Amino acid sequence: MKKTVADLIDWEAVSLQDDECRADRGFKLKEKLKSEKFDENRETMVEIMTGRELTVEYIQRSGFTKPVLVSRKDDLGLKIPHREFSIDGIRSAVGSRRMVDVLDVRTQKTKPMCMKEWCKYWDSEPREEILNGISLEFSKTRLDLQVTAPRVVRQLDWIDKAWPRHLKELQEDASNSLDDMMYPKVQKFVIMSVANSFMDFHLSFGGTSVWYYVLRGHKVFWLAPPTDKNLLLYENWVKHQDRPGFFGDLAEGACRLDVPAGATMLLPAGWIHAAFTAKDSVVFSGSFLHSFAIEKQLKTCYVEETLGTLERFKFPFYTEMLWYVLDRYVSCLTGKSHLDLPVEEKRRMRLEKGENIDPNKEFVNPGLSEEAPVVPCEHVHLTQAELKGLKFIIMYLMTRPLEAMEVPVIIPDPLSLIASVKDLVFAHMKDCPEKAVTGKYILRWTEDDDVDEDGKSKKIIPRPSDYSHKLAENPFQRKYLKAMSAKKKQEGQRRGMEAPKRRRARCATCVGCKEIDCKTCLACRDMTKYGGAGKVKQSCVRRKCEKPGLPVAAACTVCGKDGWGGSPDHRKQPGQAPSGLYECLLCFDIIHPQCRGDGEAGEFLSRQPNSWGCPKCLGGM
DNA sequence: GTTAACGTCTTA
DNA sequence: TAAGACGTTAAC
């Protein structure tokens with residue numbers, strides 16, 4: 001007996017939505033969910049694969065032009081929190097004040113909402129409107145370490161393979177404010193969608209490829225390939241929203257794809273897609289740019305340009321990224337980098353004009369000594385996609401007005417970089433496509449570029465010089481310099497992770513907790529029950545708790561169970577046995593020490609109960 | 001729902 | 001740098 005999505009979908013609710021949106025949409029969702037037309041192309045359009053098969057080699061050979069569905073997460077190299085991970089768990093990890101972009105399903109317009117409001121909406125019954133939490137990027141929050149992209153994504157992602165590592169390292173801010181962003185912060189999203197959410201056809205910004213892992217719920221996608229014809233049709237469809245219709249009916253080769261819980265979909269660059277949520281869903285996803293889809297990536301950018309897409313909906317620092325990619329290709333294939341410190345800083349450091357300092361290398365290997373050179377001794381073959389892509393990048397950059405070139409401040413001589421890329425393209429003109437399939441990505445920092453340790457690079461920040469003076473007119477460059485000097489000031493302390501650590505609660509057993517109010521101290525006198533104004537909001541000086549513990553409802557971020565191995569939401573009588581949960585005082589992760597049983601021992605702190613330095617944070621100390 | 005008060009940000 | 005203000009969380 002085959003179980004289908006049809007069993008999951010609340011058809012009545014869909015019909016209701018169809019009635020409500022009749023005028024705005026010009027199509028019936030119910031019909032599009034059932035239409036067999038979208039089943040026809042699926043087999044030729046979508047690759048069904050296992051995690052093991054999804055390798056760099058596969059990408060090099062195929063170019064990753066078709067969506068990939070992996071139904072089990074085995075061998076994908078994904079790291080994901082436990083299944084019961086709740087919306088409230090997400091809220092507590094990113095902070096209640098964190099903003100989420102929310103899509104109103106009826107109007108297809110987004111509005112910002114804080115996590116507190118969002119949780120309230122999620123738990124409301126019945127839900128007044130259908131909202132879709134589509135955009136919460138959580139890098140640098142407490143959720144960060146619990147999620148990694150599929151291995152192959154981490155092996156290809158330009159953000160990790162081309163963006164200067166020292167800049168990414170400077171990122172502290174967990175919000176997605178462009179003012180504080182030091183790298184394109186788009187790698188880790190959580191998408192929270194209530195049942196019957198629908199997101200109409202759209203392109204992923206910058207033509208990024210996207211991975212989606214469905215933790216809970218069930219998603220239905222409609223996918224249209226990025227042929228020139230479809231992109232043009234899409235442009236026109238967006239421009240004429242007054243004459244609506246289902247884009248899937250206009251596009252050539254559109255198909256529908258179910259992505260059930262536990263499955264992962266990888267969507268290639270430029271695919272125009274829409275999504276329906278069959279039941280309340282939590283999805284982890286991430287956007288990435290890579291070298292085998294440069295053409296589609298840039299074509300998507302042209303579409304964005306034509307449509308006048310707002311800056312905040314675009315891939316951040318897209319053009320800067322292209323410069324870095326060019327430098328990485330030259331650097332990885334010839335050993336010569338065009339990155340250098342800004343002229344002003346070199347002067348301050350009293351360095352000779354000819355001396356080249358790549359701040360990116362300095363970061364990993366201070367003192368100007370060479371990082372093990374990655375220059376290959378034999379001729380390395382490029383894939384046709386890469387070769388064509390490099391040419392596309394040059395064209396893209398050179399055809400743009402001077403003020404929109406966005407050359408990074410650490411590339412002082414962009415024209416010489418362009419010349420090097422042209423040489424490189426020339427030298428690889430006759431490369432053999434078969435020999436280019438090596439399973440090894442050309443962009444790498446070291447010979448054995450380790451991708452399995454997420455974000456665990458050597459943390460050496462280059463000597464921060466004082467950049468206080470006027471400098472670069474370009475906002476990106478100003479920001480870079482500002483952050484460099486800011487980093488110097490804050491030296492060491494200050495939490496990287498934005499989310500507040502879990503607030504502690506009275507133990508109810510210590511001498512302080514058993515004491516009664518003195519009624520004479522400042523805090524007591526201010527209490528409303530003793531006739532005060534109630535502004536101090538502190539406990540009586542005699543009642544200070546000696547051993548404040550984790551709240552009884554705290555849960556392990558690994559297994560989801562509470563301090564006694566039970567379900568965290570269940571009422572329990574406090575305080576017979578001590579909680580088995582420990583909060584790391586460095587990363588504020590709360591776990592059962594045995595849940596991270598990877599051999600290494602943490603350091604328990606007797607001073608405060610349920611506290612330790614976890615092995616992850618203390619590793620190598 | 002109410003009450004207590006934690007912890008952080010603001011102010012002098 | 002300490003005192004004050006107060007939003008928010010935990011417990012009931």
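Keep in mind that what you see is a predicted model, and the values were worked out from it rather than measured. Naming convention: chains lettered A, B, ... in sequence-line order (proteins, then strands); numbering from 1 in each chain. Hydrogens, waters and symmetry mates are skipped; everything else that's a heavy atom, side chains included, is used.
- Remark: A/F315 engages A/F205, A/Y318 in a ring pair (Phe, Tyr, Trp, His ring centres under 6.0 Å) (not counting sequence neighbours).
- For A/Q608 and B/dC6, the CD to C1' distance is 12 Å, given to the nearest whole Å.
- Remark: A/R504 engages A/E583 in a salt bridge (Lys or Arg N to Asp or Glu O under 4.0 Å) (not counting sequence neighbours).
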Give me the distances for all protein-to-nucleotides 9-12 of chain B N/O pairs that come in under 3.5 Å?
none

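- A tilted orientation is assigned to the rings of A/F221 and A/H273, their planes being inclined by 30° to 60°.
- We find that A/D144 and A/K188 are joined by a salt bridge, their nearest charged nitrogen and carboxylate oxygen being less than 4.0 Å apart.
- In this structure, A/R502 places its CZ atom 12 Å from C1' of C/dA11, rounding to the nearest Å.
- With respect to A/R91 and A/D88, a salt bridge is recorded, a charged nitrogen being found less than 4.0 Å from a carboxylate O.
- Contact check of residues 518-530 of chain A against DNA chain C (heavy atom, cut-off under 4.0 Å) returns A/L522.
- Sorted by first and then second residue, the side-chain hydrogen bond (donor to acceptor under 3.5 Å, both in side chains) pairs involving residues 101-116 of chain A (not counting sequence neighbours) are A/D101-A/R312.
- Interatomic distance, A/Y324 OH to A/L167 CG, rounded to the nearest 0.5 Å: 5.0 Å.
- For A/Q17 and A/N196, the side-chain atoms include no donor-acceptor pair closer than 3.5 Å.
- Residues from residues 532-544 of chain A lying near DNA chain B, meaning a heavy-atom separation below 4.0 Å, are A/K537, A/Q538, A/S539, A/R543 in numerical order.
- For the atom pair A/W11 CH2 and A/L29 CG, the distance stands at 8.5 Å (nearest 0.5 Å).
- Looking at which nucleotide of DNA chain C each of A/K116 and A/R506 is closest to, the 5′-most match is held by A/K116.
- Atoms NE2 and OG, on A/H592 and A/S579 in that order, are 6.5 Å from each other to the nearest 0.5 Å.
- For the pair A/R504 CZ and C/dA11 P, the interatomic distance rounds to 12 Å; values are reported in whole Å.
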